[in-house]
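From a predicted model like this one, the values you see are computed outputs, not experimental measurements. Order of the sequence lines sets the chain letters (A, B, ...), proteins ahead of strands, with each chain counted from 1. Hydrogens, waters and symmetry mates play no part in the numbers below; they use all other heavy atoms, side chains included.
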Amino acid sequence: MRARTLNIVTLREDPADAEIVSHKLLTRAGYLHKSGAGLYLYGHFLKRVVDKISRIVAEEIAGAGGVEVTMPIMQERSLWERSGRWAGFQATRTMLTVTDRGGQEFGLSPTAEEVVTDYASNQITSYKQLPVCYFQQHTKFRDEIRPRFGLMRVKEFIMMDAYSFHGSEQSLDDTYQAMRQAYTTAFRRCGLEAFAVEADTGAIGGSSSHEFMIAADVGEDAILFHPDSGYAANVERAECAIPAAPAWSAPAAGTALPTPGAKTIDEVVTYLQANGYPDLTSANTLKAVLLVAETVDGDRTVAAFVRGDREVNEIKLSNAVSQRVGEVLQLRAMDEAAVRAATGCAPGFAGPGLNADVVVFDAVLDAEALVVAGANQDDTHAAVSIAAHLADAVQADITLAVAGDVAPAGSGELVERRGIEAGHIFKLGTKYSAAMGAEFTGEDGKRHPLTMGCYGIGTSRLAAAAVEQHNDKNGIVWPMSIAPYQVVVVPTRADDENLMGVAQQLYTELKAQGIEVILDDRDAKPGVKFKDWDLIGIPVKVVAGRGVADGNLEIKTRQGEGGDVAISDAVTHVVGLVRDAMAALRG
RNA sequence: CGGGGUGUAGCUCAGCUUGGCUAGAGCGCUGCGUUCGGGACGCAGAGGUCGAAGGUUCGAAUCCUUUCACCCCGACCA
C-alpha cells in the first residue's frame with residue numbers, strides 16, 4: 001500500500017478526552033476516531049489489526065473444534081423471554097432495543113445464548129452429533145452505564161462468542177479445557193501476556209467460569225493471587241481465610257452499650273474503648289449492611305452482616321441472596337425510611353434481630369463469640385452472639401477479600417494485580433437448554449437437555465490491550481502478528497528518482513514475497529516520516545536514504561535494532577525478520 | 001442515576017472572575033521561497049452560528065434561565 005493513498009493523519013498532542021495510553025496513542029496515530037460516546041470509527045489500520053486478531057482467534061477456536069457461523073444481531077424479544085432473561089436485561093438496562101414498524105421489540109445482541117440455543121435445538125437431535133461448538137465474530141451492543149477508556153469500554157464492540165453443546169458434564173469439561181488452552185494459545189500468538197482467573201458468572205450464569213486477564217495497571221479488574229498455590233481469582237469472586245478476631249473483655253451477653261452519636265464502626269470502637277472496653281477492636285464488632293434486592297418478583301429487603309473490620313462483597317452477597325429469593329437483578333442501598341422501617345431506629349444502630357426479608361451472616365463469623373452490634377435502638381449497641389439469630393438466616397461467604405488476606409488454599413498471603421478482562425469462559429450446564437427446551441435423544445433412547453458451555457473474547461478490546469502492553473515514548477510497538485502492516489519502506493526524499501526507484505523496487509519485491517508492506521511515497525521531511533511510523537508502530541522500517549549511494553539500506557525494527565544492509569540482501573533480510581518474529585509468537 | 005468538571009478554528013488551549021473596538025495563540029492546512037536523516041524557517045493566506053435556545057443590557061464568548069453533548073469518580077461488563 002502506498003502511504004499517499006492511505007491519507008495518514010497523525011496528531012502531535014494527546015486528545016483531551018483520553019486517559020489511558022492506548023486511547024491516546026490509537027487516536028494520535030489515526031487508528032481511532034470518536035463518533036459518539038462509546039462509539040468509534042475504526043480507521044484502516046485498526047480495521048486490519050482487529051481483522052488479524054479475529055483471524056488468530058478463529059484459527060485457535062476452530063482448532064478446538066469450533067464451527068464458525070454468523071448469528072443475527074437483532075434478536076426477537078420472545079426468544080429472550082423463553083430463557084427468562086428479557087426481564088433481567090431490561091431491569092439492568094444492559095440491552096439496547098429497537099422496535100420495528102409493527103411494534104415488535106428486538107434486543108441488539110449483547111450476547112447470543114438464546115439465538116444459538118434455539119439453533120442447536122433445531123440442529124441437534126441425537127447424542128451421535130455431540131459435542132458441537134458454534135462460534136462467530138460479530139458486533140455486540142451493550143448499553144454501558146459509562147463508556148470510557150477509548151476502545152476498552154464501548155457501547156458497540158467486536159467479540160468472538162462460542163457456544164458448545166454436550167451430552168454429558170464430562171464432555172463439557174473436555175471442551176472447557178480445550179477452550180482454555182485455545183485462549184492461552186491465541187493470546188500468546190497475539191503477543192499478549194494473559195492469565196486465567198476464577199470469576200463470577202454474572203448475568204450469563206452457569207456453574208463456574210474463568211476470566212482471561214491481560215496484565216495492565218489501567219485494568220478495571222482487581223485480581224488476587226497466591227503465587228505458591230497458583231490460586232488466582234477476580235476480587236469479585238475471591239475467597240479468603242480470615243484470622244480469628246482477637247479476644248476482648250466482653251460484658252455479659254445482651255448487655256446494652258450506650259453509644260450516643262456513634263454510627264460508624266470506627267466511631268463505635270473509639271467511643272467504647274474510651275468508655276470501659278479498651279481492648280475492643282473493630283474485628284470484635286458486627287457490621288450491618290442494609291440493601292434492597294430487585295428481583296423479577298419485586299423488591300426484597302436484605303440485611304448482610306460481616307465482621308466490623310471487613311467490607312461486603314456485593315457480588316457474593318447477591319449470589320447468596322439469589323439462593324433464597326430467586327435471581328437478584330440488582331442490589332441497591334436502602335434509603336433512610338426503609339432503614340427505619342427495618343430497624344425501628346436511625347441508621348447506624350442496626351443489628352441482628354432487625355426485620356428484613358433475607359438476613360445473611362458471613363460464614364467466617366463465630367456464632368458463639370460476643371460481638372458489638374447495633375441494638376436496633378437509637379444511640380445503642382449491645383454485646384450479642386449471632387447464634388440466636390441463625391435460625392432463618394443464610395450463612396455464606398460474603399466478605400470482600402483484599403490483598404494481605406490468607407489464601408484459601410493454605411498458607412501465604414494474597415497479592416493484588418490489575419488486569420483487563422479480555423476473555424471469559426463459562427460452564428452453563430442446562431440453564432438455557434432446559435428453559436428453552438433444547439433436548440437431544442441419548443443413547444438410552446430418552447430425551448435429555450443439552451449441556452452447554454459458552455466462551456467469549458473481546459476482539460476489539462484486545463487491540464487496545466495490546467497497545468497497553470506494547471508501547472514506548474514514541475508510540476505503539478505492535479507485535480508482528482497483529483501489526484496493521486509488517487514493514488514500511490521510507491525513501492528520505494520523494495523528489496529523488498534514484499531513492500524512489502530503489503524504494504519502489506524493494507516495495508514490489510516484498511509484496512511479491514507476501515510481506516505486508518507500505519511505501520511511504522509522501523512528500524514530507526524524513527523526520528516527519530520517522531515520527532509517524534514510530535507512532536503508528538510498524539514493526540520493521542527500511543530507510544532508502546544517504547546509504548543508497550554506497551549500495552546500502554537501513555533496516556531497523558521498531559525496537560531500534562538493526563543497521564545497514566546491502567540493497568541486494570534487503571529482501572531476504574526483511575523477509576527473515578518478519579518470518580522469525582511470526583515464528584517466535586507461535587511458540 | 002448520584003457527585004465533580006468541560007463545551008471557543010481540524011487538534012491542544014487562552015479570553016469569561018470585573019460585559020465594550022474586527023474573538024486570539026500554538027500545532028495542522030493553502031501558496032511562494034529557502035531547506036531536506038528524527039515532527040524546519042521566512043513571507044503571504046484560508047479557516048469560528050464562541051454547544052443550542054431564550055433572557056438581561058445601548059452592547060453578551062463573558063451575566064441569568066433552560067437545554068443538549070462530552071469527560072472524570074461510583075454501580076454494569078468482552
Participant: Under a 3.5 Å cut-off for both contacts, is A69(B) paired Watson-Crick or G-U wobble with anything, and if yes, with which nucleotide?
Facilitator: U6(B)
Participant: Within the structure shown, what part of the strands sits under 4.0 Å from E211(A) by heavy-atom distance: base, sugar-phosphate, or nothing?
Facilitator: nothing
Participant: Any idea which of C77(B), G37(B), G39(B) is nearest the D532(A) side chain?
Facilitator: G39(B)
Participant: If you check the K525(A) side chain, which of C70(B), C36(B), C76(B) turns out closest?
Facilitator: C36(B)
Participant: Keeping the roles fixed (side chain from N471(A), backbone from E468(A)), state whether a donor-acceptor pair exists under 3.5 Å.
Facilitator: yes
Participant: So, OP1 or OP2 of G28(B): does either fall under 4.0 Å of a side-chain N or O from R12(A)?
Facilitator: yes
Participant: What closest approach, in Å, do Y432(A) and M452(A) show between heavy atoms, and which atom pair accounts for it?
Facilitator: CB-SD, 4.0 Å
Participant: Can you tell me the pairing partner of G45(B) across any strand shown, Watson-Crick or G-U wobble, with both distances under 3.5 angstrom?
Facilitator: C29(B)
Participant: Any idea which of C72(B), A40(B), C71(B) is nearest the V528(A) side chain?
Facilitator: A40(B)
Participant: Given that both distances must come in under 3.5 Å, which nucleotide forms a Watson-Crick or G-U wobble pair with G24(B)?
Facilitator: C13(B)
Participant: Please report the distance separating the P of A23(B) from the corresponding atom of U62(B), rounded so that it comes out in whole Å.
Facilitator: 14 Å
Participant: Taking only the side-chain heavy atoms of L535(A) (C-beta and beyond), determine which of C76(B), C11(B), G39(B) contains the nearest atom.
Facilitator: G39(B)
Participant: Here's a test of your reading of the structure: between H424(A) and I145(A), which maps to the more 5' nucleotide of RNA chain B?
Facilitator: I145(A)
Participant: If you check every side-chain atom of K34(A), which of C13(B), C71(B), G39(B) has the closest atom?
Facilitator: C71(B)
Participant: Rounded to the nearest 0.5 Å, what's the gap from CG on D51(A) to CZ on R48(A)? Could you check?
Facilitator: 8.5 Å
Participant: Given the P atoms of C72(B) and U56(B), what is the spacing between them in whole Å?
Facilitator: 38 Å
Participant: Answer with yes or no whether N474(A) presents, from its side chain, a donor or acceptor under 3.5 Å of a partner atom in the base of G38(B).
Facilitator: no
Participant: For the C1' atoms, the ones on A60(B) and on U12(B), what distance do you get once it is rounded to whole angstrom?
Facilitator: 26 Å
Participant: Judged by each residue's nearest nucleotide on RNA chain B, which is more toward the 5′ side, R142(A) or P15(A)?
Facilitator: P15(A)
Participant: Under 6.0 Å between ring centres, would you say that holds for H44(A) and Y485(A)?
Facilitator: yes
Participant: Between the base of G38(B) and the side chain of K541(A), is there a donor and acceptor pair under 3.5 angstrom?
Facilitator: yes
Participant: Any side-chain to backbone donor/acceptor pair from S460(A) onto I158(A)? Under 3.5 Å, distance only.
Facilitator: yes
Participant: May I ask you to say what S460(A) touches in the nucleic acid, namely base, sugar-phosphate or nothing, with a heavy-atom cut-off under 4.0 Å?
Facilitator: nothing
Participant: Of the nucleotides G37(B), C71(B), A78(B), which has the atom closest to the D17(A) side chain?
Facilitator: C71(B)
Participant: Which value, in whole Å, describes the distance between the P atoms of nucleotides G7(B) and A61(B)?
Facilitator: 16 Å
Participant: In this structure, is the centre-to-centre distance between the rings of F135(A) and Y163(A) below 6.0 Å?
Facilitator: no
Participant: When the C1' atoms of A69(B) and A52(B) are considered, how many whole Å apart are they?
Facilitator: 10 Å
Participant: Taking only N and O in the side chain of R146(A), is any of them less than 4.0 Å away from OP1 or OP2 of C73(B)?
Facilitator: yes
Participant: If we call it a pair only when both distances are under 3.5 Å in a Watson-Crick or G-U wobble match, what pairs with A40(B)?
Facilitator: U34(B)
Participant: Measure from the side chain of A203(A), starting at C-beta and using heavy atoms only, and say which of C72(B), G37(B), C77(B) lies closest.
Facilitator: C77(B)
Participant: Heavy atoms from C-beta onward define the side chain here; which of C77(B), C11(B), C76(B) lies closest to that of R148(A)?
Facilitator: C76(B)
Participant: Determine the Euclidean distance between corresponding P atoms of G48(B) and G24(B); express it in Å to zero decimal places.
Facilitator: 13 Å
Participant: Does R28(A) place a side-chain N or O at less than 4.0 Å from the phosphate oxygens OP1/OP2 of U12(B)?
Facilitator: no
Participant: Of the nucleotides C36(B), A40(B), G26(B), which has the atom closest to the E13(A) side chain?
Facilitator: G26(B)
Participant: A75(B), A78(B), G37(B): which one has an atom nearest the side-chain heavy atoms of R461(A)?
Facilitator: A78(B)
Participant: How about H210(A) and F212(A): are their ring centroids closer than 6.0 Å?
Facilitator: no
